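For reference, the structure discussed in these notes is given below.
For the numbers below, each heavy atom of this structure counts, side chains included, while hydrogens, waters and symmetry mates do not. Being a predicted model, the structure only gives us computed values, none of them experimental.
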2 protein chains.
Amino acid sequence: MTDTMEGSAPRRTRIQQEKRELILEAALEVFSANGFRGSTIDQIAEAAGMSKPNLLYYFRRKEDIHETLMQRLLDTWLAPLRELDDIGDPLTELRSYIRRKLEMARDFPRESRLFANEILQGAPRMKPMLEGELKTLVDEKAAVIKGWMRAGKIARTDPWHLIFSIWATTQHYADFDVQVRAVLGADRGGDGRFEDAARFLEQLFLDGLKPKG
Amino acid sequence: MTDTMEGSAPRRTRIQQEKRELILEAALEVFSANGFRGSTIDQIAEAAGMSKPNLLYYFRRKEDIHETLMQRLLDTWLAPLRELDDIGDPLTELRSYIRRKLEMARDFPRESRLFANEILQGAPRMKPMLEGELKTLVDEKAAVIKGWMRAGKIARTDPWHLIFSIWATTQHYADFDVQVRAVLGADRGGDGRFEDAARFLEQLFLDGLKPKG
DNA sequence: GCAAATTTTGACCGGTTGGACAAACGTTAG
DNA sequence: CTAACGTTTGTCCAACCGGTCAAAATTTGC
């Protein structure tokens, strides 16, 4: 190993690739449950089934693991929004965006919590990505939505806050899962809660609360 | 000081009351910004303008501070929901509940983040309160809302998920503040963002996104 | 099969952190 | 004034934690 494993072109052996994946998976588990400062290298190493020095052979610092995780996270996390485009019926597009986001909250709660943890702490390591990549994408999609509004396809509102509200309502089911389950109780808090949420959110975003007629 | 400062009837001197308040205020600042494990007693002591051993004279353990903060938090946090009642027009009631919650996100972001931090970590110290006090209150209010639905005053949906969505959308502006500001940018992310949010949320919850007519 | 490169491990280190403690200092009531 | 009580501080400790290092074990290329 003469390489520093960082920089633009880190060539890696098979073992390195596998072990790095193993570590990142373990770190996702630990970081998402305890936050960055609440997690120890030992915990991650144990979750990955290796010793601490061994882990530090693959990632020289705790921060490096977190950073790598963050970079990957943003991509997968924004994928649903990237898919939102001008083709197809606007209301259908929005409905399926909401559905996809809710599915992500259900299937990748750890990723959601990792993200939430980072933002909650003021995004010390992610701020640049938020102001760059994220803002660019959201502005772009906001423009698309504005087009729909001008065309009279959906009601006129603030597209940015619309996107926020979709993020908030869907991610809530991952980030605040304990609370949701505590409130719904054993019977209603079971697996069905995501379908209930999907039905509710569809109605909320399409029709609001005013009674029909 | 012969008392342990805990238990059912802790009589306290004037200085003790003042200093404890000072510490709790400092701890709110520190805990909400760094989480429980990310905060040190030293940080809290410095923020409160006293030495660490001095702080530990008033709260014997770091956990005691956090616990006290949590107990107070739930009460103030649920106050807006407690005010939601059967008197008055349902849509107006819900609208002002949303407004109150949004005002809390604006005026008490530290409390919101402290709460979010606790829930995100699986509510290790708050679970009992969630399953007890919180669930009871929400169930009660869900019943009120159900009444409104039966009376045809508002559209029929799941009252519990309705409450979740109000929590999620409003608290988002406190908990994800950095993200909101990063996306809105310097110009739109200023003080006006809460009014924009208020307008948007009112429209969303009342009318949804379907175009008029 | 063997040498070079890679991977793994145990021992160790310095800094931080939560907390204990006794001594010093301040306050208050008689 | 003074004794009892309440408050503050400096010092200290043990556990934890991020990270180093050299040596041992293993894998890989020839």
- Rounded distance (Å) that lies between atom P of C/dT7 and atom CD1 of A/I23: 11 Å
- Atom-to-atom span, CD of B/E18 to P of D/dT7 - whole angstrom: 11 Å
- Message: Looking at A/F108, I'd like to know if the NZ or CZ of A/R113 sits under 6.0 Å from its six-membered ring centre while staying within 45 degrees of the ring's axis.
- Response: no
- Item | For A/E21, side-chain hydrogen bond (donor to acceptor under 3.5 Å, both in side chains) partners two or more places apart | A/R72
- Tell me: CG of A/D64 to C1' of D/dG19, nearest whole Å? 12 Å
- Query: Which residue pairs satisfy the ring-ring contact (aromatic ring centres under 6.0 Å, His included) criterion with at least one member in residues 119-141 of chain B, sequence neighbours excluded?
  - Reply: none
- Query: Just checking, B/R106 and B/Y173: is the charged tip under 6.0 Å from the six-membered ring centre and within 45° of the axis?
  - Reply: no
- Task: Using the six-membered ring wherever Trp is involved, compare the ring planes of B/F164 and B/H161 and label them parallel, tilted or perpendicular (cut-offs 30° and 60°).
- Result: perpendicular
- Tell me, please, which residues at least two apart from B/R188 pass side-chain contact (heavy atoms from CB on, under 4.5 Å). A/D158, A/W160, B/L184, B/D196
- Query: Hey, is the side chain of B/N54 poking within less than 4.0 Å of OP1 or OP2 on D/dT9, counting only N and O atoms?
  - Reply: yes
- Query: OP1 or OP2 of D/dT9 sitting under 4.0 Å from any side-chain N/O of B/S51?
  - Reply: yes
- Task: Whole angstrom is fine here: how far is it from CZ in A/F31 over to C1' in D/dG18?
- Result: 12 Å
- For atom CZ of B/F59 and atom C1' of C/dA20, their distance in whole Å: 19 Å
Nucleotide N/O of nucleotides 15-19 of chain C paired with protein N/O under 3.5 Å:
unit_1 : atom_1 : unit_2 : atom_2 : d
C/dG18 : OP1    : B/S39  : O      : 3.2
C/dG18 : OP1    : B/K62  : NZ     : 3.0
C/dG18 : OP2    : B/I41  : N      : 2.9
C/dG18 : N7     : B/K52  : NZ     : 3.0
C/dG19 : OP2    : B/K62  : N      : 2.8
C/dG19 : O6     : B/K52  : NZ     : 3.3

- Message: Any side-chain N or O of A/Y57 below 4.0 angstrom from OP1/OP2 of C/dT8?
- Response: no
- Message: Please enumerate all residues that pass side-chain hydrogen bond (donor to acceptor under 3.5 Å, both in side chains) together with A/Q121, with sequence neighbours excluded.
- Response: B/N117
- Item | Contact pattern, 5' to 3', of nucleotides 22-27 of chain D - B, S or - by protein heavy atom under 4.0 Å | ------
- Take atom NZ in A/K127; do more than 12 heavy atoms of anything else shown fall under 6.0 Å from it? no
- Round to a whole Å and report the spacing from CG of A/L55 to P of D/dG19. 11 Å
- Salt-bridge criterion met for A/E202 and A/R99 (N-O under 4.0 Å): no
